[in-house]
Amino acid sequence: MHSFRYVGKELYCEDVALSALAKKHGTPLYVYSEATLTDHYTKLDEALAALDHRICFAMKSNSNLAVIRTLAGLGSGFDVVSAGELARTIAAGGDPTKCVFAGVGKTEEEIAYALKQGIYSFNVESEAELQRISKVALRLKKIAPVAVRVNPNIDAHTHAKITTGTYENKFGIAFEEVEKVYARAAKLSNIRLRGIQMHIGSQLTDVAPFRKAVEKVAPLVDRLSQKHGFDFFSIGGGIGIVYQDALASGDPAWWSGSKGKGILTPAAYAAELVPLLKPLGLKILLEPGRFLSGNAGALVTRVEYIKRTGKKNFVIVDAAMNDLIRPAFYDSYHEIVPLTRKGGATIPSDVVGPICESGDYFAKDRPLPKVGEGDHLALLSAGAYGSVMGSNYNSRGLAAEVLVKGKKSALVRRRQELSEIWALESKAPWQA
Ligand code: LLP
């Protein structure tokens, strides 16, 4: 369920017309729905009620302070991957003691910072990292809580750039090695073996790979837990969302399964996994990113030009790959709809940005209603891995972001001014 829908001819986010937001704040503009964030968090939380569990939002998917604050208010912990993300959590009022720290390249400074903030656990990716954490903890006279990330070597059947749970990937420690690694880790000073973690990939729309991974890893978790006295098992993130027919999926009927085409609902996820996880008697952590934030956001853009060549109808918009890189990077599909609904026939159109690269497109040969200069479009399901992957490429300022709650809306990131783009730069001393 999400909160973007047409009311008459106008596209709304909750009770706010997106055209009013575009007029007020300009474009490109990210718009987030607080109701969707809350609804998705609550649905997942309720589906897992039979387990002692904690949802740790993967804030790499959307780290806007207002988004984090919304989820922190619901009791969420956070999956962070840098000192920056941990500092953001704290700045947004999140609780570091509910955070897990993932990533293959944690620096000594990051480890020290996280230890001082009282992180719940480091999700460790290598033995070298275990040794580094031990060394830093010893120096700081702290006990470092750690979980080793097990790579279960299960193919998640998702895009190659976002699959993580096979031996082709840089992540985790091979399933067959993990017990030996724990035995060695138990001898390191200032380390507490608090749990175990895995994450097999992102945008999984079928529960089968999750089930396969949990089935494979659960006996290992049980053995290790008996030996080392674990508190938790994190099963990672990865629950996929609807990109095709995103607008239609706002209809609650999709979530009851009566209309949904292969949508992975929290209920279906829980029905398969809870019976496998419950007997472990551990706290179960989840690290969903996209599931909570993806359909909660849209990118609103203005049509600047229509350009017809012999072969193509190009709709040139003011958003670009620097604002939303997913189509260029992963060939991702984002549904594109006009803010004011149009009748009439559709035209196969390429929706492209102003950046000087052929890869700067949002859609190719997409049937779109006839739009013209000054019309606005919304790219749906852009709340995850959208704004966070933004850049200043072509010296374009970062887009503004708005959070909507019912009839209220607030600018939660102002548009970056041009001079801010080069604010960190200077002339070399020898330049006149
Ligand atoms: N936990 C770990 C250890 C992860 O590496 C990730 C995502 C997550 C949790 C959250 O996964 P989610 O629930 O959002 O699927 N930029 C790509 C996605 C990269 C995912 C990286 N890791 C995209 O736009 O599709």
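If you read the sequence from its start, that first residue is 1, and numbering goes on from there.
Between Val317 and Leu377, some side-chain heavy-atom pair lies under the 4.5 Å cut-off. Residues Phe291 and Leu44 have side chains in contact (heavy-atom distance under 4.5 Å, counting atoms from C-beta outward). Residues Asn313 and Ile306 are in side-chain contact: their nearest non-hydrogen atoms beyond the backbone lie under 4.5 Å apart. Side chains of Val242 and Ser381 form no contact here, defined as non-hydrogen atoms less than 4.5 Å apart. In this structure, the side chains of Val300 and Pro28 stay at 4.5 Å or more apart for every pair of heavy atoms. Contact of the Ile235 side chain with the Ile200 side chain is not registered, since no non-hydrogen atoms from C-beta on lie closer than 4.5 Å. Under the 4.5 Å side-chain criterion, counting only non-hydrogen atoms from C-beta, Val352 is not in contact with Val315. Residues Leu29 and Glu401 have side chains not in contact (no heavy-atom distance under 4.5 Å, counting atoms from C-beta outward).
Residue-environment remark: NZ (Lys405) stays at or below the threshold of 12 foreign heavy atoms within 6.0 Å. For Lys342, the NZ atom counts as densely surrounded, since its 6.0 Å shell holds more than 12 non-hydrogen atoms of other residues, nucleotides or ligands. Atom CZ of Arg413 has more than 12 neighbouring heavy atoms from other residues, nucleotides or ligands inside a 6.0 Å radius. More than 12 heavy atoms of other residues, nucleotides or ligands sit less than 6.0 Å from atom NZ of Lys283.
With hydrogens and angles disregarded, a donor-acceptor distance shorter than 3.5 Å links the side chain of Glu125 to the backbone of Gly172. With hydrogens and angles ignored, the 3.5 Å screen pairs a side-chain donor or acceptor of Arg415 with a backbone N or O of Gly26. Distance alone, capped at 3.5 Å, places no donor-acceptor pair between the His228 side chain and the Leu193 backbone. With hydrogens and angles ignored, the 3.5 Å screen pairs no side-chain donor or acceptor of Lys98 with any backbone N or O of Cys56. Judged by distance alone, the side chain of Tyr30 and the main-chain N or O of Asp323 form a donor-acceptor pair under 3.5 Å. Without hydrogens or angle criteria, Asn151 side chain to Phe171 main chain gives a donor-acceptor distance under 3.5 Å. Asn62 places a side-chain N or O within 3.5 Å of a backbone atom of Asn64 that can act as its donor or acceptor partner. Asp206 places a side-chain N or O within 3.5 Å of a backbone atom of Ala208 that can act as its donor or acceptor partner.
A donor-acceptor contact closer than 3.5 angstrom links the side chains of Ser293 and Ser61. When only modelled atom types and interatomic distance are considered, Gln416 and Asn392 share a side-chain donor-acceptor pair under 3.5 Å. Between Asn322 and Ser391, the side chains place no donor N or O within less than 3.5 Å of an acceptor N or O (distance only, hydrogens not considered). Checked by atom type, the side-chain pair Ser63/Glu85 shows no donor-acceptor distance below 3.5 Å. One side chain, Ser33 or Glu14, offers a donor N or O that lies under 3.5 Å from an acceptor on the other. Under 3.5 Å, the side chains of Glu110 and Ser82 contain no donor-acceptor pair of N or O atoms. With no hydrogens or angles considered, a side-chain donor-acceptor pair links Asp45 and His53 at under 3.5 Å.
Applying the salt bridge (charged side-chain N to carboxylate O under 4.0 Å, His left out) test between Glu127 and each of Arg149, Arg132, Arg184, Lys180 identifies Arg184 as the sole match. Under the side chain to side chain donor-acceptor pair (under 3.5 Å) test applied with Tyr243, the options Arg290, Glu335, Gln203, His334 reduce to a single match, Arg290.
From Cys99, atom SG reaches atom CG of Asp79 across 8.5 Å, with rounding to the nearest 0.5 Å. Summarising the geometry, atom CG belonging to Leu220 is positioned 9.5 Å from atom CG belonging to Asp222; distances are rounded to the nearest 0.5 Å. Rounded to the nearest 0.5 angstrom, Leu247 CG and Asn295 CG are separated by 10.5 Å. Between the CZ atom in Arg194 and the OG atom in Ser234 there is a gap of 13.0 Å [rounded to 0.5 Å]. To the nearest 0.5 Å, atoms OG1 (Thr301) and CD1 (Ile316) are separated by 11.5 Å. To the nearest 0.5 Å, atoms CG (Leu292) and OG1 (Thr42) are separated by 9.5 Å.
When all heavy atoms of Asp360 and Ile355 are compared, the pair lying nearest together is OD2-N, 2.7 Å. Gly94 and Ala72 make their closest contact through CA-CB, 4.0 Å (heavy atoms, listed as atom of the first residue, atom of the second, distance). Looking at every heavy atom in both residues, Leu276 comes nearest to Arg211 through CD1-CG, 3.7 Å. Taking both residues in full, the closest heavy atoms of Ala147 and Ile196 are given as CB-N, 3.6 Å, listed atom of the first, atom of the second, then distance. Here the closest non-hydrogen pair linking Val16 and Gly406 is CG2-O, 3.5 Å. Between Val274 and Ala47 the shortest heavy-atom distance is CG2-O, 4.4 Å.
For Asp365 and Lys312, the salt-bridge test passes: some basic side-chain N is under 4.0 Å from an acidic carboxylate O. By the 4.0 Å N-to-carboxylate-O rule, Arg326 lies too far from Asp331 to be salt-bridged with it.
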Inset, instruction - Just do the side-chain contact (heavy atoms from CB on, under 4.5 Å) check on Ile347 and Leu368 with the steps written out, would you? - result: CA-CA 5 Å; Ile347 313 168; Leu368 277 191; 5.9 Å; no

Inset, instruction - Please assess Val207 against Leu264 for the test side-chain contact (heavy atoms from CB on, under 4.5 Å), listing each intermediate value before the final yes or no. - result: CA-CA 7 Å; Val207 76; Leu264 181 52; 3.8 Å; yes

Inset, instruction - Could you give me the CA-CA distance, side-chain angles and deciding distance for Val100 and Gln197, then say whether side-chain contact (heavy atoms from CB on, under 4.5 Å) is met? - result: CA-CA 10 Å; Val100 288; Gln197 189 258 1; over 6 Å; no

Inset, instruction - Decide side-chain contact (heavy atoms from CB on, under 4.5 Å) for Arg308 and Phe314; before the verdict, give the C-alpha distance in whole Å, the side-chain angles of both, and the deciding distance to 0.1 Å. - result: CA-CA 6 Å; Arg308 289 191 186 87; Phe314 289 103; over 6 Å; no

Inset, instruction - Check step by step if salt bridge (charged side-chain N to carboxylate O under 4.0 Å, His left out) holds for Arg302 and Asp318. - result: CA-CA 6 Å; Arg302 182 187 130 99; Asp318 69 353; 5.3 Å; no

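Aromatic ring orientation, Phe4 versus His2: tilted (interplanar angle from 30° to 60°). Using cut-offs of 30° and 60° on the angle between ring planes, the pair Tyr120 and Phe232 is tilted.
Phe175 carries Lys216 over the face of its six-membered ring, with the cationic atom under 6.0 Å from the centre and within 45° of the normal. For the pair Lys227 and Tyr182, the cation-pi criterion (under 6.0 Å, within 45° of the ring axis) is not fulfilled. Judged by the 6.0 Å and 45° rule, Lys364 forms a cation-pi pair with Tyr361.
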